[in-house]
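Input: a single structure, listed below in structure tokens.
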Amino acid sequence: MGEVEEQQQQHQIDLGNLFAFNPHHNFPSVPPSREELVKECLEQGTKLVQAVADALFSLPSVEDRDGPLVKLPAPTIRLPREKPLPKPRPPTKWEVFAKKKGIQNHKKDKLVFDEQTGTWKRRHGYDRVNDDKDIPIIEAKMTDEPGVDPFAKRRSEKKQRVEKQERHRFQNLKEAAKVGALPSHVQLAATAIPITGTQAAPRKVSKEELQNVAGMAASATASGGKFDKKLPGEKPQKHEKKYRKFLPVVEGSGMGSLERQQTDKVLSKLMSKNSHEILNVEKAVNMYNVKREKKRRNQPGKSSSTSSKLKPKNPHNKTSKKGSSFKGKSKKGSSFKGKSK
Amino acid sequence: MRPLDEKETTQVFEKLFKFTGNNLKNIVESPSHEGPDSNPGRYCFRLNKNRVYYVSESLVKRATNIKRDNLVSLGTLIGKFTKNGSFHLTIQCLNLLAANAKHKVWLKPTSEMSVLYGNNVLKGGLGRITENINMGDGVVVFSMSDVPLAFGVAARSTQDCRKMEPNAIVVIIQADIGAYLRMEDEL
């Protein structure tokens, strides 16, 4: 018993938390290897657990069918709180107003005497006092408009009041959310309630997504959708990714005929698309112009001959009107000859 | 490593066609005298890790021994497909383009350095230019001694070049051989 007491003095034991701590322990020297450190720790741990067990068995116990039962004392060590304290909720609009006006809340009885039916009824909720359902007759007043259903009017007014209160509730929650003091049960549903400003509007599902989903659903049968009846307007499935195939890297002897065919096909397509570029019109026109220019330069007499040709032409024409064209031609030739000489 | 599919082939050929025109046929159909085979094979295009290589058939055959992950490179790198799916030529294909180029530009020796630092070709640095370049055509840039230096896209047509002021851009450079030094790690 003395040993136990000594141990208890050595260890701080908190039975409420089933917790033991040895403040006097020191490593004489840091253990060289990790394994030894682990061994040492285990040893110390066992001692502490033993201390807790000893203390437990020294408590007054009650015999039970399963064994001795012990009532743990209150914990002595106060563990720190995991989460920070919740922030206080900002006062609602009504609370602010009531404080300003000095309005105080009074407790009201849950049950109220209903004069209409002569019974005690609940103040709120189902089967309550002054329930609209219990009013069989509403007396007409002079101010009543004809053609308006007073019952429906009462119902709609009540509905509006409820909606107004709901709006006020959301307003107050919004204020609380700004400070970060939303009650936890509301926090979880905050995205569903229109109080967070950044709430994304529910997205419209795009046509493509719908098609994708429809395609997935259609092919999610045992046969991969092969034998299912197609709906009117439903397109056949696309197999884009699944059936993407590549040519073999090496096909028999190096580049196979398939790949050769493919490259030739692409090449010829490309060539034929750009075939109009073979004839460069601009270049052709340029070359033609240059050639003509060169010709002109090579025959400097020709330009003068043409001008001289024009002069005698008119008299020739006059003469040729009477005579045959052949005659004129021959004359022209003779004139050339004369020039060249 | 795999062959290009039809869409990819079209993309690659269209890009090459910009630079080579009908000489593309030479690139595709040139015989390769590599490997033990007596009859010459051809060159083909192979894709590995989004990069397109221009490889002789015999090399492809031998490269099939190597795991795709371990295959760093083979043949001549031509370009790469970006994550967006478009095809970019890289500087390694310069020799191939230069041999088959349709549109060429020669640089004055004074402006060679500027281009090798990645700048565009200006009118002032222009030595010679082939005829009939239109705006947007692929152009290979040479030094006056016919050493290929870079390739890019013509910013102006040949006709417009005559009337421009000296510091206007003629060719927008896409890649130059200075990149071998500048971007040694990335290439």
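This structure is a prediction, so every number in the text was calculated from the model and none was measured. Letters go in sequence order (proteins before strands), and every chain restarts at 1.
Looking at A/K273 and B/E14, a side-chain N of the basic residue comes within less than 4.0 Å of a carboxylate O on the acidic one, giving a salt bridge. Ion pairing between B/R46 and A/E259 holds under the 4.0 Å rule for side-chain N and carboxylate O.
Annotation for B/P3 and A/P248: closest pair CG-O, 3.3 Å, computed over non-hydrogen atoms. Between A/Q262 and B/L4, the closest heavy-atom pair is NE2-O, 2.9 Å. Considering every non-hydrogen atom in both B/F13 and A/V266, the closest pair reads CD2-CG1, 3.7 Å.
In this structure, chain A has heavy atoms under 4.5 Å from both the backbone and the side chain of B/T10.
Heavy atoms of other residues, nucleotides or ligands lying less than 6.0 angstrom from NZ of A/K178 number 12 at most. Within 6.0 Å of the OH atom in B/Y117, the count of heavy atoms belonging to other residues, nucleotides or ligands does not exceed 12. Residue A/R34 places its CZ atom among 12 or fewer non-hydrogen atoms of other residues, nucleotides or ligands, all under 6.0 Å distant. Residue A/E166 qualifies as enclosed at atom CD: its count of foreign heavy atoms under 6.0 Å is above 12. Shown here is B/N70, whose CG atom has more than 12 heavy atoms of other residues, nucleotides or ligands within 6.0 Å. Annotation for B/R182: atom CZ counts as buried by contact number, over 12 foreign heavy atoms lying within 6.0 Å.
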Q. What's the verdict on side-chain contact (heavy atoms from CB on, under 4.5 Å) for B/R42 and A/T263, showing C-alpha distance, side-chain angles and the deciding distance?
A. CA-CA 12 Å; B/R42 266 166 70 162; A/T263 47; 4.2 Å; yes
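To the nearest 0.5 Å, atom NZ of residue A/K265 and atom OG1 of residue B/T9 are 10.0 Å apart. The CG atom of A/L267 sits 6.5 Å away from the CD atom of B/E29 when rounded to the nearest 0.5 Å. Taking CD from B/E6 and CZ from A/F246, the interatomic distance works out to 13.0 Å, rounded to the nearest 0.5 Å. If you take CG on A/N274 and CG on B/N22, they are separated by 7.5 Å, rounding to the nearest 0.5 Å.
Pairs of residues two or more places apart, or lying in two chains, that qualify as side chain to side chain donor-acceptor pair (under 3.5 Å) and include a residue from residues 137-158 of chain B are B/H103-B/D137, B/W106-B/D146, B/S143-B/S145, B/S157-B/D160. Applying the side chain to side chain donor-acceptor pair (under 3.5 Å) test to pairs two or more places apart or on separate chains, those with a residue in residues 90-101 of chain B are B/T90-B/Q92.
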